J.: 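My structure is below; once you've seen it, I'll send some questions.
The chains referred to below are lettered A, B, ... by the order of the sequence lines, with proteins before strands, and numbering in each begins at 1. None of these values were measured; they are calculated from a predicted model.
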2 protein chains.
Amino acid sequence: MSEMGTGSATAGRRRPARERLLVTAARRFYADGVTATGIDTIVAEAGVAKTSLYNNFHSKAELVRAYLDARHEEWLATYRTRLEETVGPREAVLAVFDTYADHAEAAQATGFRGCGLLNAAAELPVGDIGRDVVRRHKETVEELIGCHLGQLLPSRPGEAGVLAEHLSFLLEGAMARAGLEGDGSRLARARTLAAALLDEAMAGS
Amino acid sequence: MSEMGTGSATAGRRRPARERLLVTAARRFYADGVTATGIDTIVAEAGVAKTSLYNNFHSKAELVRAYLDARHEEWLATYRTRLEETVGPREAVLAVFDTYADHAEAAQATGFRGCGLLNAAAELPVGDIGRDVVRRHKETVEELIGCHLGQLLPSRPGEAGVLAEHLSFLLEGAMARAGLEGDGSRLARARTLAAALLDEAMAGS
DNA sequence: AGTAAACTGTACAGGTCTGTACAGTTAGCG
DNA sequence: CGCTAACTGTACAGACCTGTACAGTTTACT
């Protein structure tokens, strides 16, 4: 997503080290936290020389930033897959809830611990750029919901906005609780609550 | 809250060091995160000898645990104060939302960063006892809401339980978003949403 | 075959981390 | 006054942290 301007000639070669570092960093950052995970742990587990890490990233902070960006892109990809299976705006809203549930299920095997982006933001100090990345990610999620709700309630844009925020709170709250409990059942119930709110809004005046 | 069995004779003397450590640890753990805050930083800022820290706490993990317990007690105290000002179960539920808003406002000056307990849990690995403390805290919050709802909807206990979980999600989701944005306006809107849900439930069949 | 880029392995600098040791000092109590 | 317990200051052990240096090796493409 960042610099592939050198063209496809080098694209096939330059990947291995950087990609393995990102995959390993994602695993350890999510499982153990950003601060608690050392550079040495990552390079050892990735099977890569430490020099290669600092050839691809100028600092640990930059690796963390790449991790956050990758998580966001990964979320979008899962969401788009879910969205393709839907018909109409009501199902599209619920696809956002399903995307969260997908993450919970995927992480179940290795230890589900909630939203990786929110967890990372929780250990970054006020003012850190990483917190803005996560804030914008959550705003994007709310906007996606709001976009579908705009289609569902075309004559009531104000109500759509309020409902989008309501659903965003439901989603993030359920994710936080689910992360503490280590399983996705809270997310399933949040989806049920969301579906009821959607039906109510569609039936409403 | 832990060991005051030695009686009030020593109670007046033994406090200073332990108390200053807890106050300082709370400030730094909240602002910078648990892992990123070193022992040396805490003892220096508390104006206490490092030996005194290890006389009061066996390890950093125990200090973290004391921090989590203190945060929980602090939350309960704020909540009880809020509860005293209320009349009836509807207002009692909203008092829980007000308690969260109180925290946001109090932390505003030094840097509001969301729920300290949730933030701490976010950087603890799966299996850490601290995560259970936070999970139980959030369950307590939901139970308190559920208790008031049981009074509000005495003939519909099932509905009360579902609504309690719904309100808990609203609350935690709004807190997560508020923490990312650094102010409490999201919490104010969550309170509005909660009030509407309560009115609807009271008017409902 | 030759060139350029990515990659490796290791060693190291300089700092910070948690936790301990130990001798000395302060403060409340009878 | 004298006892006891809390507290102080400093030094240190041993591990781990991020980031750099540098010489050598692999890999891909011409």
J.: Side-chain donor-acceptor pair under 3.5 Å between B/T24 and B/E45, yes or no?
T.: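 Distance-only check fails for B/T24 and B/E45.
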J.: How close or far is atom P of C/dC7 from atom CZ of A/R18, stated in whole angstroms?
T.: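 Going from CZ in A/R18 over to P in C/dC7 covers 10 Å.
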J.: How long is the straight-line distance from OH of A/Y67 back to CD of A/E74, given to the nearest 0.5 Å?
T.: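 That separation rounds to 8.5 Å.
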J.: Can you tell me the distance, in whole Å, between the OH atom of A/Y54 and the P atom of C/dC12?
T.: 19 Å
J.: Considering only side-chain heavy atoms of A/K60, which listed nucleotide, D/dG19, D/dC7, C/dT8, is closest?
T.: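 Of the options given, the side chain of A/K60 lies nearest D/dG19.
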J.: B/D40 has an atom CG; how far is it from atom P of C/dG15, in whole Å?
T.: 15 Å
J.: Side chain of A/P16, heavy atoms from C-beta onward: which of D/dC7, C/dC17, C/dC7 has the nearest atom to it?
T.: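 Closest nucleotide among those given: C/dC7.
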J.: Should we count CD of A/E105 as having more than 12 external heavy atoms under 6.0 Å?
T.: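 No, CD of A/E105 has 12 or fewer neighbouring heavy atoms, counting only those of other groups under 6.0 Å.
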J.: Side-chain donor or acceptor of B/K50 under 3.5 Å from a matching atom on the base of C/dG19?
T.: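 Checked by distance alone, the answer is yes.
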J.: Using whole Å, report how far CZ of B/R20 lies from C1' of D/dA6.
T.: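 Going from CZ in B/R20 over to C1' in D/dA6 covers 13 Å.
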J.: Please report, rounded to the nearest Å, how far the P atom of D/dT10 is from the CG atom of B/L53.
T.: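 Distance, rounded to whole Å: 17 Å.
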J.: What does B/T37 touch in the nucleic acid at a heavy-atom separation under 4.0 angstrom: a base, only the sugar-phosphate, or nothing?
T.: sugar-phosphate
J.: Measure the distance from CZ on A/F57 to C1' on D/dT20 and round it to the nearest whole Å.
T.: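 Going from A/F57 (CZ) to D/dT20 (C1'), I get 18 Å.
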J.: Could you state the CD-P distance from A/E19 to C/dA6, rounded to the nearest angstrom?
T.: 15 Å
J.: Taking the six-membered ring for Trp, are B/H103 and B/Y79 closer than 6.0 Å centroid to centroid?
T.: no
J.: Let's test your reading of the model: under 3.5 Å, does the base of D/dA21 pair with the side chain of A/T51 as donor and acceptor?
T.: yes
J.: Checking contacts here: which listed nucleotide (C/dT8, D/dT18, D/dG9) is nearest the side-chain heavy atoms of B/A49?
T.: D/dG9
J.: In whole angstroms, how far is the P atom of D/dC17 from the CD1 atom of B/I39?
T.: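 Answer to the nearest Å: 17 Å.
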J.: Do any side-chain nitrogens or oxygens of A/N56 fall under 4.0 Å of OP1 or OP2 in C/dC7?
T.: yes
J.: Toward the 5' end of DNA chain D, which comes first, A/A61 or B/S52, by nearest nucleotide?
T.: B/S52
J.: A quick test of your reading: do over 12 heavy atoms of other residues, nucleotides or ligands sit less than 6.0 Å from CD of B/Q151?
T.: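 It does: B/Q151 CD has more than 12 such atoms within range.
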